[in-house]
Amino acid sequence: MNASIPVTRTTDHGTAKLMPDVDRERAWLLTVDGAPQSYVDLDDPAYLEFEYARRLGYVLDTVGGAGHALDVVHLGGGALTLPRYVAATRPGSRQDVVEADGQLLELVTEQLPLPAGSGVTLHAADARAWLEAAPDDHADAVVADVFGGSRVPAHLTTLAYVRTAERVLRPGGVYLANLADAAPFGFLRSQLANLSAVFEEVALIAEPAVLRGRRFGNAVVAASHRPLDTAALARRTAADAFPARVEHGAAIAEFTGAARPVEDADAVPSPEPPDGAFGIG
């Protein structure tokens, strides 16, 4: 692929564009309908440009022993940033990537191919339907980063969906998701209520300005039946270029407040981001 030429293609769910990074020789930004979706450096797959991706990576780093191979399910494919990260940092891992936009998968694998022996299997399928058909105890981690346009689809915001993800996880497995919201956090609180109804341990990672309601932004949530290494997460997120806080325990219950889990009949997509919330500077 010529590193100087952007590639634009109409896919199943929008207009995807791959743009080269002028500062990194084989690095690419993927946008869909103008919204940044993924960033990949083919020469350094362990490099995570986006803050939310780094936070997801920090959580994944705490799963199992350091460097041990993992079985991971990724709901939402994008440019396969996190699957590449896991393949690089956890050699021998087996990963399933579930992406509803089959033409986007074709574009990414054609222009930004996975290395041979990556252990990544791609599935052009709906995330919840794929999970419902997956076997019990299939994965060490389930990573949800699914956006239809710029919103999480309604059927991936419910208690039944979380219970399905929990069934697919092994007993010590971790569920993690990238979400986005702003004050008064009706969506984020409902998602924490879903997770708290199913898992014993729940953590929330977000920048202080987002948690204080000053702006719309990403929040990474993690949940497990076993204690999460929140101390390690707090150290790494605090040292990041864009520091974040890790909330857990009583702080999660306080933040969730009176929010209730979401039933399928009541589900709605996550809120529409304000104009420019995730624009390219």
Side-chain angles (χ1 to χ4, degrees), residues 48 52-76 82-83 85-87 89-96 98 119 127-128 131-132 134-146 156-179 188-206 218-240 244-256 259 261-262:
L48 300 174
Y52 84 84
R54 287 200 294 276
R55 292 166 194 156
L56 291 169
Y58 296 155
V59 178
L60 284 169
D61 289 347
T62 69
V63 179
H68 288 192
L70 297 175
D71 292 342
V72 184
V73 172
H74 301 266
L75 306 177
L82 282 170
Y85 176 84
V86 172
T89 60
R90 306 286 193 121
S93 293
R94 295 183 302 175
Q95 302 184 80
D96 291 293
V98 186
R128 182 161 167 180
L131 272 186
E132 288 170 347
D136 294 356
D137 302 332
H138 178 70
D140 300 303
V142 172
V143 184
D145 187 14
V146 185
L156 303 180
T157 69
T158 72
L159 180 60
Y161 155 75
V162 171
R163 284 179 172 148
T164 300
E166 188 268 348
R167 178 187 59 77
V168 173
L169 283 169
R170 295 182 179 132
V174 177
Y175 174 85
L176 53 161
N178 175 39
L179 305 172
L188 183 55
R189 294 181 202 274
S190 74
Q191 299 310 290
L192 291 171
N194 285 344
L195 293 172
S196 296
V198 175
F199 294 99
E200 285 79 14
E201 302 285 335
V202 179
L204 167 66
I205 307 170
N218 292 93
V220 166
V221 295
S224 178
H225 290 300
R226 295 183 182 173
L228 298 160
D229 192 347
T230 51
L233 292 174
R235 285 193 299 272
R236 297 190 70 183
T237 57
D240 200 86
R245 279 172 33 201
V246 179
E247 303 285 5
H248 61 99
I252 293 292
E254 181 178 352
F255 185 90
T256 304
V262 180

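- Here the CG-CG distance, from Asn218 to Asn178, works out to 4.5 Å after rounding to the nearest 0.5 Å.
- Across every non-hydrogen atom of Thr158 and Asn194, the tightest pair is C-ND2, 3.5 Å.
- Heavy-atom contacts from other residues, nucleotides or ligands closer than 6.0 Å to CD of Glu254 number 12 or fewer.
- The shortest non-hydrogen separation linking Val146 to Gly76 is CG2-N, 3.7 Å.
- No donor-acceptor pair closer than 3.5 Å links the side chain of Ser196 to the backbone N or O of Ala193.
- Here Arg226 pairs with nothing under the salt bridge (Lys or Arg N to Asp or Glu O under 4.0 Å) rule; sequence neighbours left out.
- Taking CZ from Arg55 and CG from Leu233, the interatomic distance works out to 11.5 Å, rounded to the nearest 0.5 Å.
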Open item on the list: Checking Leu188 against Leu204 for the side-chain contact (heavy atoms from CB on, under 4.5 Å) test, could you report, in this order, the C-alpha distance in whole Å, the side-chain angles of both residues, the deciding distance, and whether it holds?
Closed with: CA-CA 10 Å; Leu188 183 55; Leu204 167 66; 4.2 Å; yes
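- For the side-chain contact (heavy atoms from CB on, under 4.5 Å) criterion with His138, the lone passing option out of Leu169, Asp71, Val168 is Val168.
- The two residues Leu48 and Gly57 make their nearest non-hydrogen contact at CD1-CA, 4.2 Å.
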TODO: Would you sort out whether Val262 and Leu159 count as a side-chain contact (heavy atoms from CB on, under 4.5 Å), showing the intermediate values?
DONE: CA-CA 6 Å; Val262 180; Leu159 180 60; 5.9 Å; no
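- Checked by atom type and distance alone, the side chain of Arg90 pairs as donor or acceptor with a backbone atom of Asp61 at under 3.5 Å.
- More than 12 heavy atoms of other shown residues, nucleotides or ligands fall within 6.0 angstrom of atom CZ in Arg189.
- Shown here for Gly67 and Pro91, the closest heavy-atom pair between the two residues is O-CD, 4.4 Å.
- The two residues Val73 and Ala139 make their nearest non-hydrogen contact at CG2-CB, 3.9 Å.
- When side chains are defined from C-beta on, Val221 counts as touching Leu195, because their heavy atoms get closer than 4.5 Å.
- Ring geometry, Tyr175 versus Tyr161: the interplanar angle exceeds 60°, so the pair is classed perpendicular (tilted spans 30 to 60°).
- Side chain of Ser224 to main chain of Val174: no donor-acceptor pair is present (N/O by atom type, distance under 3.5 Å, no hydrogens or angles).
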Task: CA sep, side-chain torsions, deciding dist, call: Asp145, Leu82, side-chain contact (heavy atoms from CB on, under 4.5 Å) - done: CA-CA 10 Å; Asp145 187 14; Leu82 282 170; 5.6 Å; no
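- The shortest side-chain heavy-atom distance between Gln191 and Thr157 falls under the 4.5 Å cut-off.
- For Tyr85, the ring pair (Phe, Tyr, Trp, His ring centres under 6.0 Å) test picks out no residue, with sequence neighbours left out.
- Atom CD of Glu201 is separated from atom CG of Asp229 by 11.5 Å, given to the nearest 0.5 angstrom.
- Between Val86 and Ser93 the shortest heavy-atom distance is CG1-OG, 3.7 Å.
- Every residue two or more places apart in sequence or in another chain that forms a salt bridge (Lys or Arg N to Asp or Glu O under 4.0 Å) with Asp140 is listed here: Arg170.
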- [ ] Show your working on side-chain contact (heavy atoms from CB on, under 4.5 Å) between Arg54 and Arg236 and close with a plain yes or no.
- [x] CA-CA 10 Å; Arg54 287 200 294 276; Arg236 297 190 70 183; over 6 Å; no
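- Here Leu156 contributes atom CG and Arg128 contributes atom CZ; the two are 7.5 Å apart, rounded to the nearest 0.5 Å.
- With His248 as the partner, the side-chain contact (heavy atoms from CB on, under 4.5 Å) test is satisfied by one option alone out of Leu228, Val202, Thr230, Ile205: Thr230.
- At least one donor-acceptor pair under 3.5 Å links the side chain of Arg167 to the backbone N or O of Leu131.
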